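Data first, discussion second: the structure below is written as C-alpha cells.
Since we're looking at a predicted model, the values are computed, not measured.
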Amino acid sequence: MPFFKSLAENAGPPAVFTKYPELYGPWSTMSQAMMNGPSPLSQGERELILGYAAAVAGCKFVHVAHSEVAYAWGIENGLIERLLEDPDAEMADVRLKPLLAFVRKLTLTPSEMTQADADAAFAAGWDEHALHDAIAVTARAAFMQRLVEGHGFTPMTREAAVKRAKERIEHGYVNLYAAFRQKT
C-alpha cells in the first residue's frame, strides 16, 4: 500500500512519473538510451544487470519487474534467482560472471570497489564502454529501488511483470508511459 494517500493501492512508478513529468520525462528518455540504446551489452544483459542489482539490494519490486524483462529478451529464465542463491552458479555466458560480480560488489559495498574488480571484467573481454554501462544500469537500479521503496509500492505479481515486460520491449522506456509517448 503506497505511503501517499493520493496514490491508488496498486500504484507503481508510472503514477509518480506522470505526476511529475518535468522530472521523469527526461528520466524515461535517459532510461531508454541506457537500456535500449547502443551498447556492447545486449538489451537482455542490461535488464539482467538491472534485475540482479535490484535483487541483491533486496528490492523485490524492481527485481521482479526487470528480471521478467531480461527473460523476455532471451536471458535464461530463473538465472537471477539462481545467482541470488549462489553467485557462482553456472551460466551459459561465463563472460558475465565477473561483470555480475562487479555489479554485486558495487551494489552491496560500493566504497570497497578496486582496480582488481574492474580488471576482472576487462580480463573476461569486456571493454570500458561495457563496464560503464553496467555501472550506469546498477546506478539506475539503486535509484528505482529508492523510488519504489520510498513510496511504499507493492511489488507486482510475476504474471503482471511478464505482461509488463512484453509492453516494455514493445514500447521502450519512453513510450511505455502515455504521458511521454512520442509519435513514431
Side-chain angles (χ1 to χ4, degrees), residues 10 12-14 16-17 24 27-28 30-37 39-110 113 117 121 124 126 130-151 153-174 176-177:
N10 65 344
V16 175
F17 289 1
Y24 298 106
W27 172 257
S28 294
M30 182 273 304
S31 295
Q32 174 67 21
M34 179 187 297
M35 300 304 292
N36 293 327
S39 173
L41 300 170
S42 72
Q43 291 159 306
E45 290 166 339
R46 285 175 273 176
E47 292 289 349
L48 167 67
I49 290 167
L50 182 56
Y52 181 64
V56 166
C59 183
K60 186 174 179 184
F61 190 108
V62 177
H63 161 232
V64 169
H66 289 278
S67 62
E68 291 303 331
V69 181
Y71 303 149
W73 277 117
I75 297 296
E76 179 190 348
N77 200 358
L79 177 60
I80 294 172
E81 292 72 23
R82 279 201 340 268
L83 290 170
L84 288 175
E85 291 178 22
D86 176 11
D88 294 320
E90 293 298 316
M91 62 178 72
D93 187 350
V94 295
R95 286 184 355 128
L96 286 170
K97 280 192 174 212
L99 196 62
L100 292 174
F102 186 99
V103 166
R104 181 180 187 81
K105 186 173 180 181
L106 182 59
T107 300
L108 295 174
T109 56
M113 299 304 297
D117 299 312
W126 299 107
L131 188 54
H132 163 269
D133 289 357
I135 293 165
V137 171
T138 303
R140 185 182 190 285
F143 178 91
M144 290 305 298
Q145 176 186 11
R146 276 118 184 113
L147 185 89
V148 300
E149 301 290 0
H151 283 89
F153 294 144
T154 303
M156 63 182 84
T157 64
R158 282 276 175 191
E159 296 76 23
V162 167
K163 180 178 183 278
R164 192 70 168 168
K166 291 175 185 170
E167 293 169 354
R168 185 171 304 282
I169 288 174
E170 182 181 329
H171 298 293
Y173 279 78
V174 175
L176 186 63
Y177 306 108

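- Interatomic distance, CG of Asp88 versus CD of Glu90, reported as 9.0 Å (0.5 Å rounding).
- Here the side chains of Met91 and Leu83 are in contact, with some heavy-atom distance below 4.5 Å.
- With values rounded to the nearest 0.5 angstrom, Thr109 atom OG1 is found 7.0 Å from Met113 atom CE.
- Residues Ile80 and Tyr71 share a closest heavy-atom pair of N-OH, 3.2 Å.
- The two residues Pro40 and Glu45 make their nearest non-hydrogen contact at O-OE1, 4.2 Å.
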Quick one: do Arg168 and Glu47 satisfy salt bridge (Lys or Arg N to Asp or Glu O under 4.0 Å)? Show the steps, please. CA-CA 11 Å; Arg168 185 171 304 282; Glu47 292 289 349; 5.2 Å; no

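- In summary, the side chains of His63 and Glu81 do present a donor paired with an acceptor at a separation below 3.5 Å, with no hydrogens or angles considered.
- Looking at Glu167 and Arg164, a side-chain N of the basic residue comes within less than 4.0 Å of a carboxylate O on the acidic one, giving a salt bridge.
- Arg46 contributes a side-chain N or O that, together with a main-chain N or O of Met34, makes up a donor-acceptor pair within less than 3.5 Å.
- Nearest heavy atom pair, residue Tyr173 against residue Ser28, reads O-CB, 3.5 Å.
- Taking 4.5 Å as the limit, every side-chain heavy atom of Val62 sits out of range of all side-chain heavy atoms of Leu147.
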One pair to check against side chain to side chain contact (heavy atoms under 4.5 Å, CB included): Arg140 and Met35. What are the steps and the verdict? CA-CA 10 Å; Arg140 185 182 190 285; Met35 300 304 292; 4.3 Å; yes

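- Going from atom CG of Leu79 over to atom OG of Ser67 covers 10.5 Å, rounded to the nearest 0.5 Å.
- Remark: the backbone N or O of Arg95 is paired with a side-chain donor or acceptor of Trp126 at under 3.5 angstrom.
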